[in-house]
Protein chains: 2
Amino acid sequence: MYRYLMETMPRLRARGAADAYLRECASRKVLDAIANKWTCLLVDALQDGPVRFGALRRRLDGITQKSLTQTLRALERDGMVIRTVYPTIPPRVEYALTDLGHSLVTLMEGIRRWSEDHVSEIMAAREEFERRAAEEPRPVPPI
Amino acid sequence: MYRYLMETMPRLRARGAADAYLRECASRKVLDAIANKWTCLLVDALQDGPVRFGALRRRLDGITQKSLTQTLRALERDGMVIRTVYPTIPPRVEYALTDLGHSLVTLMEGIRRWSEDHVSEIMAAREEFERRAAEEPRPVPPI
DNA sequence: CAGCATCCAATTGGATACTG
DNA sequence: CAGTATCCAATTGGATGCTG
């Protein structure tokens, strides 16, 4: 019943009601939408002001035009990014964070920094894991 | 100056030249590994101590056994989670965060809470966006 | 410049069956 | 209980070509 209300009546979802652990809670969809590397890097890259499409494309090394467009469109749809078209020649489109988008900057920057700060530890753990996997058999739950 | 910063600021030294914006930087892989909904919910769910496989499965509503196993295995491989097998009947396996895993809790909990806190705004923006898309034509860069 | 459309390979995710 | 194995549908991602 409660879950039914959460899912069908968005306005009833107050601060304490949403629960991302629940499959059908809309906040689970939000979590799924923001928890990915391109969203993280984009929000981080936009924190200091509007940036043009081409600049973002160069900054997010390795992103395809398709992925960049899709991610920007999703952020725009969800109210975190605003797209501004300037009627100039050549065409110019700028992307900027909304207030909602800005409220996510600290977290996203934190995720990016954490990745950079702990890369050595993680790569070491990864190699250690692979090394062990080649030597010892993996502990299995006994019957 | 740079030397000074590197030697006096632990994070700067630890991060070194890592840059998640670069495609070939290992930190990009780390970012890709931790930025997803299951990792976020798992790290959050493990913050108060060891949890059994079945309990995690019930807590992360909607996750399949396959995805749970895969995500836990990846976190274990990367040194964020430790797996402990107890030789009991029935079998019992507990998962716990390592120190490295614990260092990620605040960020992951932040992401989850942000999703829950802003679900109304986002769903409203999404509906508004779809409504506009049906009415007005999308602004296109002029030639 | 900033896209959209399309095709296709590759990865992912769910469902199911089986096991120590 | 806590997995592994397998099959298959679905989603994703890259590459390419075209356009206002």
Side-chain angles (χ1 to χ4, degrees), chain A residues 23-24 28-29 31-42 45-46 50-77 81-96 133 137-143, chain B residues 23-24 28-29 31-42 45-46 50-77 81-96 133 137-143:
Chain A
R23 161 180 45 183
E24 295 164 58
R28 167 70 69 84
K29 292 182 180 62
L31 178 60
D32 204 16
I34 66 173
N36 67 80
K37 68 171 181 288
W38 295 137
T39 296
C40 176
L41 291 175
L42 269 181
L46 292 172
V51 184
R52 294 184 66 171
F53 185 88
L56 288 172
R57 189 177 187 173
R58 286 185 294 276
R59 183 92 202 276
L60 276 64
D61 185 35
I63 195 171
T64 63
Q65 180 274 323
K66 183 181 177 181
S67 293
L68 180 55
T69 299
Q70 281 180 351
T71 309
L72 284 171
R73 205 66 76 240
L75 289 173
E76 190 191 356
R77 179 199 58 180
V81 158
I82 187 165
R83 174 181 182 261
T84 307
V85 178
Y86 296 95
T88 58
I89 298 174
R92 174 176 174 172
V93 179
E94 282 187 349
Y95 293 88
R138 180 173 185 75
V140 175
I143 187 167
Chain B
R23 162 182 43 185
E24 72 276 16
R28 167 71 70 83
K29 292 182 180 60
L31 178 60
D32 204 16
I34 66 173
N36 67 79
K37 67 173 182 287
W38 295 138
T39 295
C40 176
L41 291 175
L42 269 181
L46 292 172
V51 184
R52 294 184 65 172
F53 185 88
L56 287 172
R57 188 178 188 172
R58 286 185 295 277
R59 183 90 202 277
L60 275 65
D61 186 34
I63 195 171
T64 62
Q65 181 275 324
K66 183 181 176 180
S67 294
L68 179 54
T69 299
Q70 281 181 352
T71 309
L72 284 170
R73 205 68 77 241
L75 289 174
E76 191 192 355
R77 178 199 59 180
V81 158
I82 187 165
R83 173 180 182 260
T84 308
V85 178
Y86 296 95
T88 59
I89 299 174
R92 175 175 172 172
V93 179
E94 282 188 350
Y95 293 88
R138 179 171 187 76
V140 175
I143 189 166

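Residue numbers begin at 1 in each chain, while the letters A, B, ... track the order of the sequences.
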Discussion item. As a quick check of understanding, evaluate side-chain contact (heavy atoms from CB on, under 4.5 Å) for A/Leu41 and B/Leu31, giving each step before the final call.
Written reply: CA-CA 9 Å; A/Leu41 291 175; B/Leu31 178 60; 3.7 Å; yes
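- Shown here are the salt bridge (charged side-chain N to carboxylate O under 4.0 Å, His left out) partners of A/Arg58, two or more places apart in sequence or in another chain: there are none.
- What you find for A/Glu94 and A/Pro50 is that their closest heavy atoms are OE1-CB, 3.4 Å.
- Taking CD1 from A/Ile82 and CG from A/Leu72, the interatomic distance works out to 13.0 Å, rounded to the nearest 0.5 Å.
- At the phosphate of D/dT4, OP1 or OP2 sits under 4.0 Å from a side-chain N or O atom of B/Arg73.
- In this structure, of C/dA2, C/dG20, D/dT4, it is C/dG20 that holds the atom nearest to the side chain of B/Pro91.
- DNA chain C is contacted by A/Arg52, A/Phe53, A/Gly54 of residues 52-61 of chain A, taking any non-hydrogen atom closer than 4.0 Å.
- For A/Asp32, the side-chain contact (heavy atoms from CB on, under 4.5 Å) partners are B/Lys37, not counting sequence neighbours.
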Identify the pairs formed between an N or O of the protein and an N or O of nucleotides 11-16 of chain D at a distance under 3.5 Å, and give each distance.
unit_1, atom_1, unit_2, atom_2, d
D/dG13, N7, A/Lys66, NZ, 3.3
D/dG14, O6, A/Lys66, NZ, 2.6

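- Remark: A/Ala45 engages A/Leu56, A/Arg59, A/Leu60, B/Tyr21 in a side-chain contact (heavy atoms from CB on, under 4.5 Å) (not counting sequence neighbours).
- For the pair B/Arg83 and D/dG3, the criterion of a side-chain N or O lying under 4.0 Å from OP1 or OP2 is met.
- A straight line from CZ of B/Arg92 to P of D/dA2 spans 9 Å, rounded to a whole angstrom.
- With sequence neighbours excluded, the residues that form a side-chain contact (heavy atoms from CB on, under 4.5 Å) with B/Thr84 are B/Tyr86.
- The overall bend of the helix from C/dC1-D/dG20 to C/dG20-D/dC1, read as the angle between its terminal helix axes built from five base pairs each, is 60° when rounded to 10 degrees.
- In terms of the side-chain contact (heavy atoms from CB on, under 4.5 Å) criterion, residue partners of B/Gln65 (sequence neighbours excluded) are, by chain and number, B/Phe53, B/Arg57, B/Thr69.
- Checked against side chain to side chain donor-acceptor pair (under 3.5 Å), B/Thr71 has no partners two or more places apart in sequence or in another chain.
- Here the shortest heavy-atom pairing between A/Trp38 and A/Gly62 reads CH2-C, 4.3 Å.
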